[in-house]
Amino acid sequence: MDFDLTREQEMIRKEVRKFAQTEIAPLAAELDENEAFSIPLTRKMGEIGLFGMFVPETYDGQGLDYLAYIIAVEEIARVDGSQAATVAAGNSLGIGPLCYFGSEEQKKRYLPKLCRGEALWGFGLTEPTAGSDAGGSKTTAVRDGSHWVINGSKIFITNAASEMTLGVTVQAITGTRPNGKPEYSCFIVEAGTPGFTAVPMKKKMMWRASNTAELYFDDVRVPAENILGKQGDGFHQMLKTLDGGRLSIGAMGLGGAQGAYDAAISYARKREQFGQPISKFQAVAFKLADSAMEIECGRNLLYKACWLRSQKRPFEKEAAMAKLYCSELMGRVANHAVQIHGGYGLMKEYQVERFYRDQKLLDIGEGTSEVQRIVISRHIGC
């Protein structure tokens, strides 16, 4: 087995890490405090190729493998969860469905701008009463001649209400299947379409510098050609999208854990008590040792899942495992980091406070930890 990264992957890690440290780190605390989504910073991330990394060059993508993209998300999350969320959602949830299921005309129309980072795209699945139960969606789309009429709402949708948002992919009920269950289809809804409203959500505990939205559809008419793929394929499309998205959430957990660990070990080596650095005390050293060990385990699990995906082999179980483990891993490491910092760890002047807050959404977004355990248990035959 070869655990070495390719030369290209190593270069991406190096360049993205440098960008995150020089461009994102100086702004992260201020953007978080002001709940400010940064268009200039997002455009800079686009300029260095952080959007459309796995999209073919035909559509202005980078044409890289999925692991290269995951490494980029990991390195950004090592510095700031908000900017990592913008990139992760922009790629896995925004660009992904259009790339995988869109018609050639749809790809040519939307992907180049999204891949260049000139615009963002949302992924409308979650509703006020339908989160983990994605099949509980109530948003509907009714065919009316050459158009579909969409009514309903979505909530907690990343990148869907910024000045850069070009549109959203939205799942809606389009009929009833022979077994009596709802039929779901996905639609492309451009920003500015009459009846479509996107409202930014504020007062978040975490990812305060990312754009999160509530979406409202009031008799929104879209042309019939705005359907994504075939009628009735929506639920399958959403599940496939989430399988890939779980890897990017895993990358956010892994990167966040690494960032919290880096801050903790740096502080522990400098902070002195009883005449020596606190890193010399077993109570602290064991926390750091456990963190280092778990980060290594998480990285191997996540990278293996990405490798399976790149080899076009089944990876759904491993994606769920990686998402679950890396999400909860960041919680454990961030908790250790705050404890090592003591009272200072509770202050916003120290970045571990932000890592501690940002972690919680990883247990919830793109399938809760409980849902991941259900997915895994089904794969192992329970």
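Basis for what follows: all heavy atoms, side chains included, without hydrogens, waters or symmetry-related copies. Computed from a predicted structure; not experimentally measured.
Here Cys326 contributes atom SG and Leu362 contributes atom CG; the two are 9.5 Å apart, rounded to the nearest 0.5 Å. Atom CG of Leu247 sits about 11.5 Å away from atom NZ of Lys323, to the nearest 0.5 Å. We find the CG-CD1 distance between Leu64 and Ile12 to be 4.5 Å, quoted to the nearest 0.5 Å. The CG atom of Asn211 sits 10.5 Å away from atom CE of Met164, with the distance rounded to the nearest 0.5 Å. Atom CD of Gln372 sits about 7.5 Å away from atom OG of Ser327, to the nearest 0.5 Å. Rounding to the nearest 0.5 Å gives a distance of 7.5 Å between OG1 of Thr158 and CG of Leu361.
For Lys138 (side chain) and Ala130 (main-chain N/O), no donor-acceptor pair under 3.5 Å exists by modelled atom type. Asn151 places a side-chain N or O within 3.5 Å of a backbone atom of Asp219 that can act as its donor or acceptor partner. For Asp358 (side chain) and Trp207 (main-chain N/O), a donor-acceptor pair under 3.5 Å exists by modelled atom type. At distances below 3.5 Å, at least one donor-acceptor pair connects side-chain atoms of Asn91 with backbone N or O atoms of Gly52. A donor-acceptor pair under 3.5 Å links the side-chain atoms of Lys154 to the main chain of Gln171, judged by distance alone. Side chain of Gln106 to backbone of Leu98: no donor-acceptor contact under 3.5 angstrom is found. Judged by distance alone, with hydrogens and angles left aside, the side-chain atoms of Glu328 form no donor-acceptor pair with the main-chain N or O of Gly253 at under 3.5 Å. The closest donor-acceptor contact from the side chain of Arg271 to the backbone of Ile340 lies at 3.5 Å or more, if one exists at all. Formation of a donor-acceptor pair under 3.5 Å by the Ser248 side chain with backbone atoms of Gly245 is found in this model. Of the possible polar contacts, one joining the Ser377 side chain to the Arg373 backbone as a donor-acceptor pair under 3.5 Å is found.
There is no side-chain donor-acceptor pair under 3.5 Å between Glu190 and Asn226. Donor-acceptor pairing under 3.5 Å is lacking for the side chains of Ser38 and Lys44. Of the N and O atoms on the side chains of Glu294 and Tyr261, not one donor lies less than 3.5 Å from an acceptor on the other residue. Under the 3.5 Å distance criterion, with hydrogens and angles disregarded, no donor-acceptor pair is assigned to the side chains of Gln339 and Asn335. Of the N and O atoms on the side chains of Gln231 and Ser185, not one donor lies less than 3.5 Å from an acceptor on the other residue. Using modelled atom types and a 3.5 Å distance limit, the side chains of Arg299 and Gln258 yield a donor-acceptor pair.
Minimum heavy-atom separation, Ser153 to Pro128: OG-CD, 3.7 Å. Nearest heavy-atom pair, Gln237 versus Leu228, reported as atom, atom and distance to 0.1 Å: NE2-O, 2.9 Å. Of all the heavy atoms in Val352 and Ala260, the pair that sits closest is CG1-O, 4.4 Å. Nearest heavy atom pair, residue Ile150 against residue Thr139, reads CG2-CG2, 3.9 Å.
When the side chains of ILVMFWY residues are joined at heavy-atom separations under 4.5 Å, either directly or via intervening members, Phe355 and Val284 end up in a single hydrophobic cluster. When the side chains of ILVMFWY residues are joined at heavy-atom separations under 4.5 Å, either directly or via intervening members, Val170 and Trp148 end up in a single hydrophobic cluster. Linking ILVMFWY residues whenever their side-chain heavy atoms come closer than 4.5 Å, directly or via other members, leaves Leu125 and Ile188 in distinct clusters. Under the 4.5 Å side-chain contact rule for hydrophobic residues, Leu41 and Met206 share a cluster.
We find that Glu183 and Arg143 are not joined by a salt bridge, their nearest charged nitrogen and carboxylate oxygen being 4.0 Å or further apart. A salt bridge links Glu33 with Lys348; the closest basic N to acidic carboxylate O contact falls under 4.0 Å. Note on Glu318 versus Arg309: no salt bridge recorded, every NZ/NE/NH1/NH2 to OD/OE distance being 4.0 Å or above. Ion pairing between a basic and an acidic side chain is recognised when a charged N comes within 4.0 Å of a carboxylate O; Arg354 and Asp80 show such pairing. The pair Arg17-Glu75 meets the salt-bridge criterion, since a charged nitrogen lies less than 4.0 angstrom from a carboxylate oxygen. The pair Glu47-Arg43 fails the salt-bridge criterion, with no side-chain N (NZ, NE, NH1 or NH2) lying under 4.0 Å from an Asp/Glu carboxylate O.
With a 6.0 Å radius and a threshold of 12 heavy atoms from other residues, nucleotides or ligands, Lys202 has its NZ atom above the threshold. By the neighbour-count criterion of 12 heavy atoms within 6.0 Å, atom CZ of Phe156 is sparsely surrounded, having that number or fewer from other residues, nucleotides or ligands. Sparse packing is recorded around CD of Glu163, with 12 or fewer heavy atoms of other residues, nucleotides or ligands lying under 6.0 Å away. Atom CD of Glu30 sits in a sparse spot, with 12 or fewer heavy atoms from other residues, nucleotides or ligands closer than 6.0 Å. The number of heavy atoms from other shown groups lying within 6.0 Å of OH (Tyr344) does not exceed 12. Atom OH of Tyr356 sits in a sparse spot, with 12 or fewer heavy atoms from other residues, nucleotides or ligands closer than 6.0 Å. Environment of CD in Glu272: crowded, with over 12 heavy atoms of neighbouring residues, nucleotides or ligands closer than 6.0 Å. Sparse packing is recorded around CD of Gln282, with 12 or fewer heavy atoms of other residues, nucleotides or ligands lying under 6.0 Å away.
Between Phe54 and Tyr66, the ring planes are tilted. Angles from 30° to 60° get that label. Ring orientation note: the planes of Tyr110 and Trp121 are tilted relative to one another, at an angle of 30° to 60°.
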- Task: Begin with the C-alpha distance, continue with both residues' side-chain angles, and end with the deciding distance and a verdict on salt bridge (charged side-chain N to carboxylate O under 4.0 Å, His left out) for Arg246 and Glu366.
- Result: CA-CA 6 Å; Arg246 284 168 182 160; Glu366 295 197 39; over 6 Å; no
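Cation-pi contact between Arg78 and Phe19: absent, since separation from the ring centre below 6.0 Å together with deviation from the ring axis within 45° is not met.
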